[in-house]
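For clarity, every value in this text was computed on a predicted model and none was experimentally measured.
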Amino acid sequence: MDNGAFYRSDFYIGLSLAIISSFFIGGSFILKKKGLLRLASKGSMRAGQGGYAYLKEWLWWAGLISMGVGEAANFAAYAFAPATLVTPLGAMSVLVSAVLSTYFLNEKLNIHGKVGCVLCILGSTVMVIHAPQEEEVASLSVMAEKLKDPGFIIFAICIVVSTMILIFFVVPHYGQKNVLVYILICSVIGSLSVSCVKGLGIGIKELFAGTAVLKEPLFWALLVCLVVCVSIQISYLNKALDIFNTSIVTPIYYVFFTTSVMMCSAILFKEWLRMSTDGVVGTVSGFLTIIMGIFLLHAFKDTPFSWDSLPLYLHGAPRGSTWNQSYIALSNHEILGGDMGKK
């Protein structure tokens, strides 16, 4: 088999894994939500109130396993296809979740929400396409040097401090009122968990190559950090799914998580030093598009607006509005009379 045929086979394998990953991850949100709704119907303490009864619900575990399979397929896809292909395809999980929620959870997504989802996906895709490739890290020793960088240390401290502030001060007052609170916790912590996964992946490669990685303290530190970060992510993502619409949680989580991971990677691997002008413009444009999508998705989520009601908005207006009032042309005599009255 020549190099071209070998590359094409790897490309299609990576493409298939990325698509499969999106379906599993998108479906996992639905399964978790169904499990949480079943618990709520039984009168169990809800996850949003601090309960952990979902650990006994098989639907929730099915959702967790589905997400695990999806994430495993997503990580495997990077070994076969370019990152510029795999990462944008992760946005398909947003569409899968939004479509499935309308059928299995009876949740409604108005026009604003649909346009917001499209804008979020487009903006995230543009950001990923224009993002530079990560700097090559081939060993845990090189990874350790990257982690010692002052810029990353400051970033990690800011992440930990901001997460603690959100958990202990913001969540008690606004956690059940604003979906962004739980999503921010999951997203910023997720940026650290992805860095831990990358480090562990490097360590596992070295382990198969015969290096005594298990004797390295960094390997176990990354593993402990990953367990802590993932536990926090799962806990607060469950709270968000229990309280808010899946069609709202999924795209917002995707956008904030993707942005956080890209920021962390840029600081850790110094990607921004090699960005071209086109890359800067593309990244900024993508980020602004994401902001527009979030605004449409979040600000108008309770607006009863659909394609069926669009003709009513175009041909008529609500009561009290002057748009639907008829106008009568005045004669010259009436106009002159009005002007004389003003004088």
Side-chain angles (χ1 to χ4, degrees), residues 21-36 47-48 54 60 63-64 66-68 70-71 74 87-102 105 107 109 113-114 116-125 127-128 159 162-163 166-167 170-171 174-194 197 229-264 286-287 289-299 301:
S21 167
S22 298
F23 278 96
F24 273 100
I25 294 175
S28 70
F29 286 97
I30 307 302
L31 290 171
K32 285 184 176 182
K33 183 71 174 183
K34 289 285 287 185
L36 294 172
Y54 57 82
W60 182 88
L64 183 64
S66 177
M67 178 169 284
E71 292 294 347
N74 189 57
T87 309
L89 283 177
M92 289 181 58
S93 63
V94 178
L95 294 178
V96 171
S97 179
V99 172
L100 292 179
S101 64
T102 60
L105 300 178
E107 296 181 356
L109 195 64
K114 294 175 182 178
C117 284
V118 173
L119 288 176
C120 289
I121 294 171
L122 290 177
S124 299
T125 303
M127 286 187 66
V128 171
I159 290 295
S162 61
T163 302
L166 286 171
I167 292 175
V170 180
V171 167
Y174 303 102
Q176 299 190 13
K177 300 176 184 178
N178 195 322
V179 65
L180 293 179
V181 176
Y182 291 144
I183 297 301
L184 280 174
I185 295 174
C186 296
S187 301
V188 296
I189 287 294
S191 65
L192 295 181
S193 67
V194 170
V197 167
C229 291
V230 170
S231 299
I232 295 175
Q233 281 182 268
I234 292 175
S235 176
Y236 285 95
L237 184 58
N238 282 329
K239 295 177 187 293
L241 288 171
D242 188 41
I243 298 173
F244 304 100
N245 250 355
T246 306
S247 55
I248 300 296
V249 172
T250 308
I252 295 179
Y253 174 65
Y254 170 79
V255 170
F256 276 90
F257 176 74
T258 303
T259 304
S260 300
V261 170
M262 292 184 66
M263 287 178 57
C264 182
F287 187 67
T289 305
I290 291 172
I291 292 177
M292 292 174 58
I294 293 175
F295 177 76
L296 287 175
L297 189 65
H298 192 55
K301 63 180 181 180

Gap between atom CG of Leu166 and atom CD1 of Ile183 - 0.5 Å precision: 12.0 Å
With sequence neighbours left out, the residues meeting ring-ring contact (aromatic ring centres under 6.0 Å, His included) with Phe29 are none
Spacing of Asp242 atom CG and Trp60 atom CH2 [to the nearest 0.5 Å]: 12.5 Å
Just verifying a value: how many Å separate Gln233 CD and Asn238 CG, rounded to the nearest 0.5 Å? 11.5 Å
With sequence neighbours left out, what residues match Ser21 under side-chain contact (heavy atoms from CB on, under 4.5 Å)? Ile25, Ala73, Asn74
Under 3.5 Å donor-acceptor, Ser235 side chain and Ile232 backbone: no
Heavy-atom nearest pair, Ile159 first then Val188, reads CG2-O, 3.6 Å
Do Tyr182 and Gln176 touch side chain to side chain, with heavy atoms closer than 4.5 Å? yes
Ile185 backbone acceptor or donor facing Thr163 side chain under 3.5 Å: no
Drop me the distance from Leu31's CG to Leu100's CG, to the nearest 0.5 angstrom. 9.0 Å
Which atom pair, heavy atoms only, marks the closest approach of Ser193 to Gly190? OG-O, 2.7 Å
Indicate the atoms forming the closest heavy-atom contact of Leu237 with Cys186, along with that distance. N-SG, 3.3 Å
Assess the residue pair Val179 and Ile243 against the criterion (side chain to side chain contact (heavy atoms under 4.5 Å, CB included)); give the C-alpha distance rounded to whole Å, side-chain angles, the decisive distance to 0.1 Å, and a yes or no. CA-CA 8 Å; Val179 65; Ile243 298 173; over 6 Å; no
The single option from Ser162, Ser260, Ser231, Cys229 passing side-chain contact (heavy atoms from CB on, under 4.5 Å) against Ile189: Cys229
Ser187 side chain vs Leu184 backbone, donor-acceptor pair below 3.5 Å: no
Atom pair CD1/OH of Ile167 and Tyr236 - distance to nearest 0.5 Å: 4.0 Å
In short, Ser66 meets Gly27 closest at the heavy-atom pair OG-C, 4.4 Å
